[in-house]
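Note that the structure is a prediction, hence the values are computed from the model and not measured. In what follows, every chain begins at residue 1, and chains take the letters A, B, ... in the order their sequences are listed. All heavy atoms count here, side chains included; hydrogens, waters and symmetry mates do not.
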Amino acid sequence: MPELPEVETYVRELAPVLLGRRVTAVRVKWPRTIAAPASEVFEQSLVGSTFSEFGRRGKYMLFGLQDGRFLVVHLRMTGKLEVVPQATAPGKHIHVIMDLDNGASVHFQDTRKFGRMWLTDNVDSVLAKLGPEPLGEAFTPDYLAERLASRKASIKALLLDQGIVAGVGNIYADEALYRARIHPSRPGGSLSHQEIAQLHAAVVALLARAIELQGSSLGTNSLQNYSRPGGQPGGFQEEHWVFRRTGKPCMNCGHPIERLVIAQRSTHFCPVCQPANPDQA
DNA sequence: ATAAGGCCCTGACCGC
DNA sequence: TGCGGTCAGGGCCTTA
């Protein structure tokens, strides 16, 4: 599952490979991958463009083109971008192919077909609903407190809300709540200011550390295994305290990690370290 | 405005 | 061995 640290790793590794490269041909094999414009228009109008700048917003990759437009890519669950020699036969789940002027091709692979691409001269229209970057100046404890105030939805669901903070997904939401010692089912509005400050600090530290380690790689199958553009794994899975550790001992207290479903997402936590009713503890 | 649930997709996994 | 059913999960959409 690519979340902010994984997407950041992608952008950093692809930037030197794609900088200055011109697109010479585009083939879209699964049209629904292209959110906008129509896939035929996407194919035709991306040809001739040169990659000139690289950025990220939340879980969106931003590939700036020399003419001022942007190729925006969201990997969702199982998307991957690979740079391969142009002669490489596309595998079963390659949905978009972009040939470059240096004999390489960019393959967009996505088993579940949830990933999306946009070609736009207005990135803000794609990113309009996103909240602040968690590693940016606008994401402060006071901001978070304001957004959580009086909310009845669980703090887990609110952390996953990209309009509150951009880039946190299922893995990092669980890990942040564990580190902040907050039960994932707690209503957002019930958190004390101190708990919000702890949660804020946990999110920031966690994401920074995960970027350092180039993301989290999980499992070995094609559905869940994020890997870096060259295929190498990230390293942050070694520092997961709760995610996908159901039944294994909490590394702080020894109690088995439990699993809940919140907002239709698997949620992992330690019931001792993250009590549901902290006031009574 | 907020909350909850369905939908898109496929392959892994489970039970028989 | 093979088959069918269930499940995961980000973002968007609909419903209440």
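Applying the side-chain hydrogen bond (donor to acceptor under 3.5 Å, both in side chains) rule to pairs touching residues 245-265 of chain A yields A/Arg259-A/Ser266, sequence neighbours excluded. Contacts classified as salt bridge (Lys or Arg N to Asp or Glu O under 4.0 Å) and involving residues 185-195 of chain A (residues at least two apart or in different chains) are given here: A/Arg186-A/Glu195. Among residue pairs with one or both ends in residues 155-171 of chain A, those qualifying as side-chain hydrogen bond (donor to acceptor under 3.5 Å, both in side chains) are A/Lys156-A/Asn170, A/Lys156-A/Asp174, A/Lys156-A/Thr267; sequence neighbours excluded.
A search for salt bridge (Lys or Arg N to Asp or Glu O under 4.0 Å) contacts involving A/Arg116 returns nothing, not counting sequence neighbours. Shown here are the salt bridge (Lys or Arg N to Asp or Glu O under 4.0 Å) partners of A/Arg147, two or more places apart in sequence or in another chain: there are none.
Residue-level contact check: A/Gln264 touches the bases, meaning some heavy atom is under 4.0 Å from a base atom. Nucleic acid contact for A/Arg259: sugar-phosphate only, since backbone atoms but no base atoms lie under 4.0 Å from a heavy atom of the residue.
Residues A/Tyr178, A/Val242, A/Met251, A/Ile257 make up the rest of the hydrophobic cluster containing A/Trp241, defined by ILVMFWY side-chain heavy atoms closer than 4.5 Å, directly or through other members.
Comparing A/Arg32 and A/Arg151, the nucleotide of DNA chain B nearest to each residue sits closer to the 5' end for A/Arg151.
In this structure, NE2 of A/His268 is placed 7 Å from P of C/dG9, rounded to the nearest angstrom. Look at CD1 on A/Ile34: it is 20 Å from P on B/dC8, rounded to the nearest Å. Atom CD in A/Glu6 sits about 14 Å away from atom P in C/dG9, given to the nearest Å. Atom CZ in A/Arg116 sits about 7 Å away from atom P in B/dC9, given to the nearest Å. When the P atom of B/dA4 is taken as reference, atom NZ of A/Lys156 falls 14 Å away, rounded to whole Å. With rounding to whole Å, A/Lys113 atom NZ is found 8 Å from B/dT10 atom C1'. In this structure, the CG atom of A/Leu160 is 14 Å from the C1' atom of B/dA3, given to the nearest Å. Separating the CE atom of A/Met77 from the C1' atom of B/dC7 is a distance of 14 Å, rounded to the nearest angstrom.
Among the nucleotides C/dG11, B/dA3, B/dC9, the one closest to the side chain of A/Trp30 is B/dC9. Looking at the side chain of A/Ser266, the nearest of the listed nucleotides C/dA8, C/dG11, B/dA3 is C/dA8.
Centre separation under 5.5 Å together with a plane angle under 30° does not hold for the ring of A/Phe114 and the six-membered base ring of C/dG9, so they are not marked as stacked.
A close approach under 4.0 Å does occur between a side-chain nitrogen or oxygen of A/Arg244 and OP1 or OP2 of C/dG9. The shortest distance between the side-chain N/O atoms of A/Thr111 and the OP1/OP2 oxygens of B/dC9 is not below 4.0 Å. Residue A/Lys92 places at least one side-chain N or O closer than 4.0 Å to OP1 or OP2 of B/dG11. OP1 or OP2 of B/dG11 has at least one side-chain nitrogen or oxygen of A/His93 nearer than 4.0 Å. For A/His74, a side-chain nitrogen or oxygen approaches OP1 or OP2 of C/dG11 to under 4.0 Å.
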Quick one: side chains of residues 20-28 of chain A, donor-acceptor pairs under 3.5 Å with protein atoms, not counting sequence neighbours, listed by atom name and distance.
from    : atom 1 : to       : atom 2 : distance (Å)
A/Arg21 : NE     : A/Asp101 : OD1    : 2.6
A/Arg21 : NH2    : A/Asp101 : OD1    : 3.4
A/Thr24 : OG1    : A/Asp99  : O      : 3.4

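Computed from C1' positions of five pairs at each end, the angle between the two local axes of the helix from B/dT2-C/dA16 to B/dC16-C/dG2 equals 50°, rounded to 10 degrees.
Screening A/Leu75, A/Leu71, A/Val72 for a side-chain contact (heavy atoms from CB on, under 4.5 Å) involving A/Met61 leaves a single residue, A/Leu75.
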Is there any protein nitrogen or oxygen under 3.5 Å from a nitrogen or oxygen in nucleotides 12-16 of chain C, and what are the pairs?
none

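Between the side chain of A/His95 and the backbone N or O of A/Phe108, no donor-acceptor pair lies under 3.5 Å.
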Subject >> A/Leu62 vs A/Leu127, side chain to side chain contact (heavy atoms under 4.5 Å, CB included): CA-CA, chis, key distance, verdict >> reply: CA-CA 10 Å; A/Leu62 310 177; A/Leu127 309 174; 4.1 Å; yes
